[in-house]
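These notes concern the structure reproduced below.
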2 protein chains.
Amino acid sequence: MSLLAVGSVAFDDLETPSGIRDNILGGSASYFSLSASRFTPVQVVAVVGEDFGPDQYKVFEGRPIDFGGLVRLPGLSFHWKGRYGADLNEARTLETHLNVFGGFKPDLPEAFRTSPYLFLGNIDPTLQLEVVQQMTVRPKWIALDTMNFWIDGAREPLLQVLREIDILLVNEAEARSLTGERNLLKAYARIRTLGPRILVVKRGEYGMLLFTQDLVFAAPAFPLEEVSDPTGAGDTFAGGFLGYLAAAGNLDNVTLKRAALYGTVMASFTVQAFGTERLQALTEGEYLSRAEAFEKMIHIG
Amino acid sequence: MSLLAVGSVAFDDLETPSGIRDNILGGSASYFSLSASRFTPVQVVAVVGEDFGPDQYKVFEGRPIDFGGLVRLPGLSFHWKGRYGADLNEARTLETHLNVFGGFKPDLPEAFRTSPYLFLGNIDPTLQLEVVQQMTVRPKWIALDTMNFWIDGAREPLLQVLREIDILLVNEAEARSLTGERNLLKAYARIRTLGPRILVVKRGEYGMLLFTQDLVFAAPAFPLEEVSDPTGAGDTFAGGFLGYLAAAGNLDNVTLKRAALYGTVMASFTVQAFGTERLQALTEGEYLSRAEAFEKMIHIG
């Protein structure tokens with residue numbers, strides 16, 4: 001069943017201890033759709049500039065990704081420049097050029113307005129709310145990603161859209177600043193009162209935590225010998241997690257755990273190369289066999 | 001089968017966001033033996049001062065803990081004063097008084113020299129090596145804990161004792177500074193060339209990693225609503241982990257994973273109260289039922 005994703009498509013300049021890349025494809029919707037489309041058809045709503053051309057379209061070709069909601073405007077695409085030091089858990093933003101993304105007003109194609117599953121990528125919560133309001137049928141679930149920039153600077157609209165959603169994906173610092181609770185069990189209890197009934201806390205190299213009313217699940221990250229570029233790991237996780245959930249069609253605890261496993265495995269590929277390179281080249285056999293190895297790894301036996 | 005533990009017995013002054021405690025029982029051998037003795041008989045070699053009296057002995061009474069190697073000397077016991085801020089992962093040392101511990105020269109009772117399992121707590125590596133040399137029968141396995149103070153300041157004797165041991169327990173920063181490798185898979189490969197064939201990396205609230213020649217296992221910490229005092233969590237983990245291994249009598253991968261589960265669960269109790277309070281009051285039913293809940297939590301199903 002179709003999963004509608006609203007987010008950013010961007011070009012990134014990246015510096016990590018493994019190297020430097022300029023002008024490579026990035027943005028939450030890129031990572032998300034490449035990851036989620038392994039499990040379920042994805043519909044993308046995003047905006048790009050004239051620098052987004054055939055080379056970029058080609059990345060998404062031959063996959064169940066519907067670009068019917070990708071608007072191409074005069075000007076340049078969103079551009080981000082960031083640097084990672086030895087501690088790959090934290091990026092330092094060097095430059096942000098919103099470009100055409102600065103005027104982004106999501107306008108869903110008619111065919112997208114009845115999608116059964118909706119992912120609101122990390123954009124202005126006012127826009128996230130507008131997307132929800134454009135849906136003519138309430139999706140079976142709505143998932144949302146956000147960040148401290150909106151938690152601190154657009155708290156009211158964020159609280160408003162949170163009331164409409166089912167699944168919140170944030171990192172530890174975001175869960176804490178949203179709720180004022182340092183302890184994540186308490187943060188989840190608080191988040192439940194704000195709307196979302198499912199919370200995913202992303203912890204980078206330490207894995208993730210998943211909270212539902214009657215479940216706490218924790219999974220480590222997949223251990224890797226080399227991490228080249230952590231950019232997009234969270235969006236790739238979200239894609240695998242939500243893509244799997246959309247394909248499964250339910251939110252049972254076992255399904256949620258299995259979705260977390262696939263999200264974790266997909267993210268582990270993303271970080272092994274720069275940008276979306278590894279995700280593009282990934283075969284089904286590769287991610288299925290890593291998922292099996294990962295499940296064996298965390299299983300006590 | 002008996003597990004011989006060499007380490008410190010101390011008094012601690014602790015400040016955490018949950019409160020302040022002065023002069024409470026601490027030290028690696030205290031936490032370790034209270035935890036390990038749930039699974040196997042423990043023999044303790046340590047030194048205390050005259051301030052260690054009936055109140056302290058009582059804590060260990062009625063448990064399979066042999067204090068035949070506890071030496072009581074004129075003077076005061078090792079005393080540590082530390083403070084934790086909102087980030088409970090890091091203690092700030094305010095005062096360290098070695099007292100009688102400064103002249104600690106482990107001299108194993110005859111009956112301890114044939115123990116089949118040996119844990120060398122975090123003390124001067126020269127003393128750790130002397131303990132190994134006092135064993136008249138080479139233990140089936142030897143485990144060792146150390147810290148950056150020795151890695152940086154006593155590297156040669158540390159490398160010497162590492163050649164004699166099977167299981168190394170350290171935290172992430174220690175694994176990195178010992179090997180010069182940031183990546184933990186690479187750090188393990190390097191550590192194997194130094195002696196130990198099994199590596200446990202303790203990650204505090206993020207759980208632990210376990211490496212053997214053909215296994216990588218990762219487990220999260222047990223999620224808690226309140227952490228009162230993280231002091232002793234690592235030693236409690238080591239006690240549960242090694243106590244379980246000694247009781248099982250083998251180092252199979254499944255046994256190692258199960259040992260990690262029990263170590264994690266024991267540590268989760270320690271941090272719920274100050275010092276050894278919670279560990280003292282702990283019932284078998286409590287830790288067995290938390291172990292079951294934890295196993296269910298990390299199992300995909």
Side-chain angles (χ1 to χ4, degrees), chain A residues 17-18 85-89 172-173 176 180-189 201 203-212 214-228 252-262 264 271 291-301, chain B residues 17-18 85-89 172-173 176 180-189 201 203-212 214-228 252-262 264 271 291-301:
Chain A
S18 302
D87 177 1
L88 294 167
N89 292 303
E172 288 180 284
R176 286 170 179 149
E181 293 284 358
R182 216 193 129 70
N183 181 283
L184 295 173
L185 286 169
K186 289 182 181 168
Y188 169 62
V201 178
R203 305 206 279 185
E205 66 168 312
Y206 299 110
M208 55 79 64
L209 289 169
L210 167 68
F211 300 89
T212 75
D214 58 356
L215 172 77
V216 179
F217 175 63
F222 186 80
L224 297 167
E225 288 233 4
E226 293 281 355
V227 173
S228 293
D252 297 348
N253 283 346
V254 172
T255 305
L256 284 164
K257 287 179 171 190
R258 199 152 283 283
L261 180 151
Y262 280 101
T264 297
V271 303
E292 200 186 320
F294 186 60
E295 187 168 358
K296 209 174 282 178
M297 191 191 97
I298 62 176
H299 180 64
I300 297 269
Chain B
S18 301
D87 178 1
L88 294 167
N89 293 305
E172 288 181 283
R176 285 170 179 150
E181 294 284 358
R182 219 196 125 70
N183 181 283
L184 295 174
L185 285 169
K186 289 183 181 168
Y188 169 61
V201 178
R203 305 206 279 186
E205 67 167 312
Y206 299 110
M208 55 79 64
L209 289 169
L210 168 67
F211 299 90
T212 75
D214 57 357
L215 172 78
V216 178
F217 175 64
F222 186 80
L224 296 168
E225 288 232 3
E226 294 281 354
V227 173
S228 294
D252 297 349
N253 283 346
V254 172
T255 305
L256 284 164
K257 287 178 171 189
R258 199 153 284 282
L261 179 151
Y262 280 101
T264 297
V271 304
E292 201 186 319
F294 186 60
E295 188 168 357
K296 209 174 284 178
M297 190 191 97
I298 62 176
H299 181 64
I300 298 267

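In the text below, chain A, chain B and the rest are named by the order of the sequence lines, each starting its count at 1. Note that the structure is a prediction, hence the values are computed from the model and not measured.
Listed for the A:D252 side chain is no donor-acceptor partner under 3.5 Å among the backbone atoms of A:V254. At least one donor-acceptor pair closer than 3.5 Å links the side chain of B:R258 to the backbone N or O of A:G301.
Ring geometry for B:H299 versus A:H299: interplanar angle of 30 to 60°, hence tilted.
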_Verdict with reasoning, B:L184 to B:F211, per side chain to side chain contact (heavy atoms under 4.5 Å, CB included)_ = CA-CA 9 Å; B:L184 295 174; B:F211 299 90; 4.0 Å; yes
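With a threshold of 4.5 angstrom between heavy atoms, A:E295 approaches chain B through side-chain atoms but not through N, CA, C or O. Of the two parts of B:A293, neither the backbone nor the side chain holds a non-hydrogen atom closer than 4.5 Å to a non-hydrogen atom of chain A. Heavy-atom distances place no part of A:N253 under 4.5 Å from chain B, backbone and side chain included. For A:E205, the parts sitting under 4.5 Å from any heavy atom of chain B are the backbone and the side chain alike. Contact annotation for A:L224: only backbone heavy atoms (N, CA, C, O) come within less than 4.5 Å of a heavy atom of chain B. Residue contact with chain B, scored on non-hydrogen atoms closer than 4.5 Å, is absent for A:A260.
Heavy-atom pairs under 4.5 Å with chain A were tallied for B:L88, B:L185, B:I300; the largest tally goes to B:I300. Among the candidates A:A221, A:A189, A:A219, A:A218, the residue making the largest number of heavy-atom pairs closer than 4.5 Å to chain B is A:A218. Each of A:R203, A:K296, A:E181 has some count of heavy-atom pairs under 4.5 Å with chain B, and the biggest count is that of A:R203.
Looking at heavy atoms from C-beta onward, A:I298 lies out of side-chain contact with B:I298 at the 4.5 angstrom threshold. The shortest distance between side-chain heavy atoms of A:P17 and B:R182 does not fall below 4.5 Å. Looking only at side-chain heavy atoms (C-beta outward), B:T212 and B:F217 stay at 4.5 Å or farther from each other.
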